[in-house]
There are 2 protein chains.
Amino acid sequence: MLPAQPNQSLIEGIRCLQALSLSEKPLRSIEVSRLLKVESTKAHRLLKTLAHLGLVHQGGNRKFQVGPGLPVLVAQSLYSAPLWRSMVDPLQDLQRQIPSCKVEVGMCWEGVVSCFYCSEPGMPASWAMGRVDMQMATRSAIGLALLSCCSQEKVEETFIGRPIPGFSRGLPSLVKELRTIRSQGYALIPDGQSGERFSLAVPQEDKLYALALSGDLSKEDIPELVQLLQHTLELLYSAHNN
Amino acid sequence: MLPAQPNQSLIEGIRCLQALSLSEKPLRSIEVSRLLKVESTKAHRLLKTLAHLGLVHQGGNRKFQVGPGLPVLVAQSLYSAPLWRSMVDPLQDLQRQIPSCKVEVGMCWEGVVSCFYCSEPGMPASWAMGRVDMQMATRSAIGLALLSCCSQEKVEETFIGRPIPGFSRGLPSLVKELRTIRSQGYALIPDGQSGERFSLAVPQEDKLYALALSGDLSKEDIPELVQLLQHTLELLYSAHNN
DNA sequence: ATATTTAAAGCTATAAAAGCAATAAATGCT
DNA sequence: AGCATTTATTGCTTTTATAGCTTTAAATAT
């Protein structure tokens, strides 16, 4: 994955972006430099470069925050390509087959899941695509399904040294859970407080995203639902890879 | 804006991302290198670095496409900060005052607008935030309002050499329109085919985003609506800058 | 108004990309 | 299926861009 000659500057630049996106408020360049433990001139120049590109916005008070470039890049990738739009039809079909469930498609990065498709029962199709919600990966079926596709090292690297939401007993219990998920090919977790609701997610072949169903699922239906999800994923994959 | 020592690698890396986000389908590294007119080893190494970071995804066929990092970064910046969530209340208030109109907040980058808030009449609050839709800036009131805040050079740089959606007579007519918008402080354009519907947008002080109202607007109400939008923008600004 | 902190630029050593050449791996073609 | 062409990937050397120190300027706080 990592090339023989990775571009260090690019890596550091993205770290700046990441820091800004996680921050509660806009940051001064020196604050970023301290957060990332890099020399202040360097952070400053990276941030200014990102600001020039428009990925970062520098407000009147000179503080930096995430800028217009990021949402536009995401929107472009979702809309300008037939790639993603072609996913809507198969997903709406799925929604019709299981009308009482929520249908979601999401990606996982650095322990965080973002769903770009989310249709709740009764929601018009045009509202379902083009969303960006956020959940902690370890509390989401989509996140667990995708994490189960990562190597154990990658998972450890991601979660080491910080509390793992939903796994208060730490990394080993997460790793164990992921092993189970990997072997069965799907993640099933309770959804919300009530014992009736569950979330069921299956990862896509490429491991880029996962598809989830949430609602009143009964244990005996699981194998059938997993099959349905896998079938839908195949449709999605061929829809945007031909 | 541009620092004395901009980081060239970072700029090139982002150009790769941009190329992928605009592409109809996943690209081979050599295709990216040809699109951007850079040496192929360089493009390859940048893409591999981005793939390692997770901003780009390399599928089984080795082709590159936008990866999970981007949507997660956007979602994080929208949700993990009180910054953006604090915008919901003022916007819902606005929606209540003008119940028949659509309310949108969007950013503009490289001639493209992405709205991250979009509430249509009757839409629940929780569905309005966390959207990423896409429109061409020159066809959108939000885009025109934000472009009017850019220098003429910046605008020319963005649109030179390509057709400008909605301005078939070219750059000069866009520049003229932007001058008008800048002087009056708002953009007003017809919305859809019917002559009844309009879109009205006002840029935020920092020029980071603009707020728009779309629907059945009558000419004589414009000044009042502009005031209302400006007032809401002040609330938004203070909501996330204190 | 003054002191302190942060931002930004200049400059040089150095480390990191660029780009060529070589090899390996895919892909396409017959 | 086997050969030819294209693409991906690495190694190596040169060159160039970045790191980071120092200095100056601009904000911000006191």
Side-chain angles (χ1 to χ4, degrees), chain A residues 1-17 19-20 23-67 205-206 238 241-242, chain B residues 1-20 23-67 205-206 237-238 241-242:
Chain A
M1 198 96 183
L2 173 88
Q5 201 183 102
N7 190 305
Q8 206 57 43
S9 302
L10 185 49
I11 293 173
E12 297 285 278
I14 300 303
R15 287 184 69 216
C16 290
L17 260 187
L20 291 181
S23 164
E24 301 252 321
K25 49 182 171 40
L27 296 177
R28 307 178 160 283
S29 78
I30 198 162
E31 297 176 293
V32 174
S33 96
R34 284 200 268 256
L35 274 171
L36 304 182
K37 308 227 167 74
V38 301
E39 201 269 342
S40 67
T41 309
K42 183 175 174 181
H44 177 251
R45 293 206 261 235
L46 288 169
L47 287 166
K48 277 294 204 179
T49 303
L50 288 167
H52 175 247
L53 292 171
L55 294 197
V56 149
H57 174 83
Q58 189 169 22
N61 48 15
R62 296 169 165 229
K63 294 187 177 180
F64 296 92
Q65 61 187 302
V66 172
E205 178 188 337
D206 254 1
S238 67
N241 259 28
N242 56 14
Chain B
M1 199 99 183
L2 174 89
Q5 200 183 104
N7 190 304
Q8 207 57 42
S9 303
L10 186 49
I11 293 174
E12 297 285 277
I14 300 302
R15 287 185 69 217
C16 290
L17 261 186
Q18 161 84 325
L20 291 181
S23 164
E24 301 251 320
K25 49 184 171 40
L27 296 177
R28 305 177 160 285
S29 79
I30 198 162
E31 298 177 293
V32 174
S33 94
R34 284 201 267 257
L35 273 171
L36 303 181
K37 309 225 168 75
V38 301
E39 201 268 341
S40 66
T41 310
K42 182 174 172 182
H44 177 252
R45 292 204 261 235
L46 288 169
L47 287 166
K48 278 293 206 179
T49 303
L50 288 168
H52 176 247
L53 293 170
L55 294 197
V56 149
H57 175 83
Q58 189 169 23
N61 49 16
R62 296 169 167 229
K63 294 187 178 179
F64 296 92
Q65 60 186 304
V66 172
E205 179 188 338
D206 254 359
Y237 187 75
S238 67
N241 259 31
N242 56 9

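Order of the sequence lines fixes the chain letters, A, B, ..., with proteins taken first and strands second; residue numbering starts at 1 for each chain.
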Judged by nearest nucleotide, the residue sitting upstream toward the 5' end of DNA chain C, A:Ser9 or B:Pro3, is B:Pro3

For A:Gln8, which contact category applies under a 4.0 Å heavy-atom criterion: base, sugar-phosphate, or nothing? sugar-phosphate

Under 4.0 Å, counting only non-hydrogen atoms across every strand here, what does A:Thr41 touch: a base, just sugar-phosphate, or nothing? base

For A:Leu47 and C:dA8, give me the distance from atom CG to atom C1', rounded to whole Å. 13 Å

How close or far is atom P of C:dA16 from atom CD of A:Glu12, stated in whole angstroms? 11 Å

Backbone of B:Ile30 reached by a side-chain donor or acceptor of B:Ser33 within 3.5 Å: yes

Would you say [X] and [Y] make side-chain contact, with heavy atoms under 4.5 Å?
X	Y	result
B:Glu12	A:Asn7	no
A:Lys48	A:Gln58	yes
A:Ile14	B:Thr49	no

Selected nucleotide, minimal atom distance to [X] side chain, candidates [options]:
X	options	value
A:Arg45	C:dA9, D:dT10, C:dA7	C:dA9
A:Gln5	D:dT9, C:dA17, C:dC20	C:dA17
A:Glu39	C:dA9, D:dG20, C:dA8	D:dG20

B:Leu10 vs B:Ser40, nearer the 5' end of DNA chain D by closest nucleotide: B:Ser40

Taking for each residue the nucleotide of DNA chain D with the nearest heavy atom, is it A:Ala4 or B:Arg34 whose nucleotide lies nearer the 5' end? B:Arg34

Within the structure, does a side-chain N or O atom of [X] lie under 4.0 Å from either OP1 or OP2 of [N]?
X	N	result
B:Arg28	D:dT9	no
B:His44	D:dT9	yes
B:Lys42	C:dA17	no
A:Arg62	D:dA27	yes

Result for side chain to side chain contact (heavy atoms under 4.5 Å, CB included) between B:Pro26 and one of B:His57, B:Gln65, B:Glu31 points to B:Gln65

Among B:Val32, B:Leu35, B:Leu55, side chain to side chain contact (heavy atoms under 4.5 Å, CB included) partner for B:Cys16: B:Val32

Relative orientation of the end axes in the helix from C:dA1-D:dT30 to C:dT30-D:dA1, expressed as an angle to the nearest 10° (five pairs per end): 70°

Heavy-atom closest contact (A:Phe64 atom, A:Arg28 atom, distance): CD1-C, 4.4 Å

